[in-house]
Amino acid sequence: MRLPCSVTRLNTTSSRRASSAPAGMFVPDCDSIDTQPLQQLQDFVSQATRLFAISGAGLSTESGIPDYRSEGVGLYARTDRRPMQHVEFVRSSKSRQRYWARNFLGWPQFSSHQPNAAHRALQHWEGRGKLHWLVTQNVDALHSKAGQKRLTELHGCVHRVVCLGCGSLSARDALQKRFVALNPDWSVQAGATAPDGDVFLEDELALHFRVPSCEVCGGILKPEVTFFGDTVNKDTVEFVHNKLAESDAVLVIGTSLQVYSGYRFLLAASDRKIPVAIVNIGPTRADHLAQLKVRGRCGDVLSIIQPL
């Protein structure tokens with residue numbers, strides 16, 4: 001028996017239903033789902049006592065946030081644009097000016113996105129004691145908005161700003177107010193939203209955008225995220241490895257794991273003989289390491305799996 005990709009129920013004792021919210025334009029098409037792998041995933045989750053989960057952009061696309069790599073709908077498929085590189089941001093004041101101008105325009109919409117059925121399901125699993133730890137590669141704070149507590153934001157979060165000089169942290173919302181105060185007459189027409197909260201904007205339109213410095217030391221302000229070309233904090237990586245070592249099963253949700261910072265934990269799980277299951281529409285770098293894979297939308301699948 002096969003169910004449509006937007007599956008609404010599994011033929012078990014489950015009474016929860018999948019989200020009826022539209023998946024949005026950034027979610028790739030997917031084929032129908034066999035009930036057998038869904039039942040196998042239910043068994044996988046039921047048997048786990050300390051589940052370790054790692055999530056990616058495939059969750060956030062269902063909340064309306066685009067990703068980079070999804071076939072046909074990701075940023076790489078739709079445009080020639082590439083994300084900001086760490087070294088470029090640090091070395092070039094013009095690059096920082098362009099980045100913050102785009103981010104300023106995109107922030108009101110990006111910060112308004114809300115958790116979807118997948119985020120809520122994972123928070124429910126945590127509340128039931130099923131989910132030992134969740135590591136997300138996303139920087140959008142949607143897991144936190146859903147109430148997730150046992151959480152590591154592997155690549156940071158755009159809702160926080162860090163000073164590269166003194167290391168002080170501040171809220172992105174507070175920086176938005178400073179942008180408004182410094183640029184009262186700056187107004188341009190923005191393009192489409194990009195995955196990390198900025199928008200498409202011609203470079204010359206950012207030439208007169210003013211960027212504030214750190215209020216503590218006058219240093220350079222940067223989103224508290226790991227830009228491409230940078231590395232994840234070693235203490236964070238060690239902490240996540242420790243949480244993985246405490247776990248007895250791994251669930252990959254909505255990520256292709258093309259970036260090594262996340263993929264390394266699947267290699268570690270394989271070394272430790274920890275069973276792995278994957279929920280993702282497309283192929284992943286860890287498919288060969290998984291005992292089970294369900295191809296479908298994260299919210300539709302997770303909403304019907306019970307944390308028994």
Side-chain angles (χ1 to χ4, degrees), residues 40-41 44-45 47-61 67-70 83 86 118-119 121-123 125-126 129-144 146 148-158 195-196 224-296 298 301-302 305 307:
Q40 291 172 337
L41 181 62
F44 180 90
V45 172
Q47 292 167 12
T49 60
R50 298 173 70 83
L51 183 65
F52 177 99
I54 180 165
S55 71
L59 266 78
S60 296
T61 56
D67 68 355
Y68 289 109
R69 295 181 174 85
S70 286
H86 176 78
H119 298 98
L122 289 168
Q123 193 279 328
W125 293 10
E126 179 186 280
K130 174 61 66 175
L131 187 62
H132 177 57
W133 205 260
L134 171 63
V135 177
T136 185
Q137 300 169 101
N138 299 333
V139 298
D140 49 38
L142 293 184
H143 284 298
S144 294
Q148 205 83 41
K149 302 299 183 186
R150 303 182 66 82
L151 171 70
T152 295
E153 293 169 322
L154 188 63
H155 297 151
C157 181
V158 294
D196 292 333
E224 202 262 307
V225 301
T226 302
F227 279 166
F228 281 75
D230 195 6
T231 57
V232 177
N233 179 275
K234 291 182 180 179
D235 291 339
T236 300
V237 173
E238 182 179 0
F239 177 85
V240 173
H241 273 300
N242 290 337
K243 291 300 180 184
L244 175 63
E246 298 168 354
S247 305
D248 63 356
V250 173
L251 180 62
V252 176
I253 314 159
T255 172
S256 65
L257 294 169
Q258 291 302 310
V259 178
Y260 179 75
S261 59
Y263 179 61
R264 75 178 95 198
F265 301 115
L266 275 297
L267 295 176
S270 178
D271 289 342
R272 292 178 175 274
K273 309 300 182 185
I274 302 174
V276 173
I278 296 175
V279 177
N280 198 57
I281 292 176
T284 84
R285 193 177 179 183
D287 283 353
H288 67 290
L289 302 176
Q291 286 71 48
L292 167 65
K293 181 171 183 182
V294 178
R295 292 176 173 83
C298 302
V301 174
L302 296 192
I305 302 298

Only one of Leu122, Leu131, Leu134, Val250 passes side-chain contact (heavy atoms from CB on, under 4.5 Å) with Leu51, and that residue is Leu131

In terms of heavy-atom contacts, Cys298 and Ile253 come closest through SG-CG2, 3.7 Å

Please report the shortest heavy-atom distance between Ser55 and Thr136, naming the atom on each side. OG-OG1, 2.9 Å

Looking only at non-hydrogen atoms, find the nearest pair between Thr284 and Gln258 and report the distance. C-NE2, 4.5 Å

Which atom names give the shortest non-hydrogen contact between Val232 and Leu154, and what distance separates them? CG1-O, 3.5 Å

CZ/Arg50 to NE2/His132 distance, rounded to the nearest 0.5 angstrom? 4.0 Å

Can a donor-acceptor pair be found, under 3.5 Å and without considering hydrogens, that links the side chain of Asp248 to the backbone of Thr49? yes

Distance to the ring centre below 6.0 angstrom and angle to the axis at most 45 degrees; does that hold for Lys243 and Trp133? yes

Between Leu257 and Arg285, which heavy-atom pair has the shortest distance, and what is it? O-CD, 3.1 Å

For the atom pair CG (Leu142) and NE2 (His119), what is the distance rounded to the nearest 0.5 Å? 4.5 Å

Which atom pairs, donor and acceptor, lie under 3.5 Å between side-chain atoms of residues 261-269 and protein residues at least two apart or in another chain?
residue	atom	partner	partner atom	Å
Ser261	OG	His155	NE2	2.6
Arg264	NE	Ser261	O	3.2

Are Trp125 and Val45 side-chain neighbours, meaning at least one heavy-atom pair lies under 4.5 Å? yes

For Gln148, does its backbone N or O pair with a side-chain atom of Gln123 as donor and acceptor, under 3.5 Å? no

Ala141 versus Glu153, closest heavy-atom pair with distance: CA-OE2, 4.1 Å

Side chain to side chain contact (heavy atoms under 4.5 Å, CB included) for Leu41 and Val279? Distances and angles first, verdict last. CA-CA 9 Å; Leu41 181 62; Val279 177; 3.7 Å; yes

Say you draw a straight line from OG of Ser256 to CD1 of Ile281; how long is it, rounded to the nearest 0.5 Å? 12.0 Å

Would you sort out whether Thr236 and Thr152 count as a side chain to side chain contact (heavy atoms under 4.5 Å, CB included), showing the intermediate values? CA-CA 8 Å; Thr236 300; Thr152 295; 3.8 Å; yes

Atom CD1 in Ile278, atom OG1 in Thr255: separation rounded to 0.5 Å? 9.5 Å

Let me confirm one number: the CD-CD1 distance from Glu246 to Ile274, rounded to the nearest 0.5 Å. 10.5 Å

Glu126 side chain vs Lys149 backbone, donor-acceptor pair below 3.5 Å: yes

Distance from Ile54 atom CD1 to Leu251 atom CG, nearest 0.5 Å? 10.5 Å

Are the side chain of Asn138 and the backbone N or O of Gly56 linked by a donor-acceptor pair below 3.5 Å? yes

Does Ser60 use its side chain to pair, donor to acceptor, with the backbone of Ala57 at less than 3.5 Å? no

Are Glu224 and Val158 side-chain neighbours, meaning at least one heavy-atom pair lies under 4.5 Å? no

